[in-house]
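Shown next, in structure tokens, is the structure this report addresses.
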Amino acid sequence: MDTIYYLASCDTCRKIIKSLPKDVELVFHDIRQDPLTEEILEKMHSLSGSYEALFSKRAQLYKQRNLKNQTLTENDYKALILEHYTFLSRPVFIIKNEIFIGNSQPNILKLMKTLENA
């Protein structure tokens, strides 16, 4: 089933959800209420090609822990995402085995085009 992984308290996520076509059927997965499992993260990784692509360098904890001055490996990114939901770049859509990560305008435009053709 097509799924969105998001944070219900995130204004950007709510804005994107509000802009989705009305007839689209998605499973809504709030990552704060229902944390990501390793299995879900593995699926995201297989679609995206890397954990770093799924990682948010804008997370408050990224700054607080001074992670930008560290050399992080793929295993580090994976562990951090599993440790705390804010490390996942949001929202993440999985639509027909295609992944859309984050809220950049080109990504959201591509997502909308895919949803219109679904």
Side-chain angles (χ1 to χ4, degrees):
M1 186 78 189
D2 295 340
T3 306
I4 175 177
Y5 298 90
Y6 72 107
L7 196 52
S9 60
C10 170
D11 289 338
T12 303
C13 289
R14 287 197 305 255
K15 187 175 121 189
I16 292 167
I17 289 168
K18 200 176 252 188
S19 73
L20 295 173
K22 299 297 178 224
D23 60 343
V24 76
E25 289 187 29
L26 291 171
V27 172
F28 288 80
H29 186 125
D30 182 346
I31 59 175
R32 178 183 287 158
Q33 300 300 319
D34 187 11
L36 291 179
T37 63
E38 190 165 356
E39 181 182 343
I40 292 169
L41 188 56
E42 288 299 325
K43 180 176 183 178
M44 289 179 180
H45 176 263
S46 71
L47 294 171
S48 69
S50 80
Y51 294 109
E52 185 176 6
L54 296 162
F55 190 84
S56 173
K57 293 181 178 173
R58 296 191 300 182
Q60 294 286 341
L61 285 176
Y62 183 76
K63 294 174 182 85
Q64 288 172 7
R65 294 183 185 181
N66 202 23
L67 295 174
K68 76 175 183 175
N69 294 322
Q70 298 178 31
T71 303
L72 299 176
T73 65
E74 278 289 290
N75 283 337
D76 293 330
Y77 288 120
K78 176 183 178 181
L80 288 164
I81 293 169
L82 288 171
E83 174 193 326
H84 202 277
Y85 62 85
T86 61
F87 286 122
L88 181 69
S89 187
R90 306 174 301 271
V92 174
F93 287 85
I94 297 179
I95 311 293
K96 311 258 182 283
N97 281 324
E98 190 173 354
I99 193 164
F100 302 87
I101 305 163
N103 57 29
S104 71
Q105 189 173 8
N107 186 53
I108 297 304
L109 290 172
K110 188 176 173 197
L111 167 70
M112 293 302 183
K113 191 167 280 209
T114 299
L115 288 173
E116 288 170 7
N117 296 327

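Quick note: numbers below take in every heavy atom, side chains included, and nothing from hydrogens, waters or symmetry partners. Since this is a predicted model, take the numbers as computed values, not measurements.
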For the residue pair [X] and [Y], what are the closest heavy atoms and their distance?
| X | Y | result |
| --- | --- | --- |
| Ser19 | Met112 | OG-CE, 3.1 Å |
| Gly102 | Asn107 | O-ND2, 2.9 Å |
| Glu42 | Lys78 | OE2-NZ, 2.8 Å |
| Tyr85 | Ile31 | O-CD1, 3.5 Å |
| Lys22 | Lys18 | NZ-O, 3.4 Å |
| Leu115 | Pro21 | CD1-CD, 4.1 Å |

Report yes or no: does [X] contribute a side-chain atom to a donor-acceptor pair with the main-chain N or O of [Y] at less than 3.5 Å?
| X | Y | result |
| --- | --- | --- |
| Lys68 | Lys63 | no |
| Thr3 | Met1 | yes |
| Asp34 | His29 | no |
| Glu74 | Glu52 | yes |

> So with a 6.0 Å cut-off around CZ of Arg14, is the heavy-atom count from everything else above 12?
Replying inline: yes

>> Surrounding CD of Glu25 (heavy atoms of other residues, nucleotides or ligands, distance under 6.0 Å), is the total greater than 12?
In response: no

Using the rule that Ile, Leu, Val, Met, Phe, Trp and Tyr join whenever any side-chain heavy atoms are under 4.5 Å apart, tell me whether [X] and [Y] fall into a single cluster.
| X | Y | answer |
| --- | --- | --- |
| Leu72 | Ile101 | yes |
| Leu47 | Leu41 | yes |
| Tyr5 | Phe55 | yes |
| Val24 | Ile108 | yes |
| Tyr6 | Ile99 | no |

> Which pairs with one or both residues in residues 30-50 pass ring-ring contact (aromatic ring centres under 6.0 Å, His included), sequence neighbours excluded?
Replying inline: His45-Tyr51

Which pairs would a plain distance check flag for residues 87-97, meaning a side-chain donor or acceptor within less than 3.5 Å of a matching protein atom at least two apart in sequence or in another chain?
unit_1 : atom_1 : unit_2 : atom_2 : d
Lys96  : NZ     : Asp2   : OD2    : 3.4

Interatomic spacing from [atom1] in [X] to [atom2] in [Y] - rounded to 0.5 Å:
| X | Y | atom1 | atom2 | result |
| --- | --- | --- | --- | --- |
| Lys15 | Cys10 | NZ | SG | 10.5 Å |
| Thr12 | Ile16 | OG1 | CD1 | 6.5 Å |
| Tyr77 | Leu82 | OH | CG | 15.0 Å |
| Leu36 | Met44 | CG | CE | 5.0 Å |
| Arg65 | Leu80 | CZ | CG | 6.0 Å |
| Cys13 | Asp30 | SG | CG | 9.0 Å |

>> I'd like to check Ile17 versus Leu26 (side-chain heavy atoms, cut-off strictly below 4.5 Å). Are they in contact?
In response: no

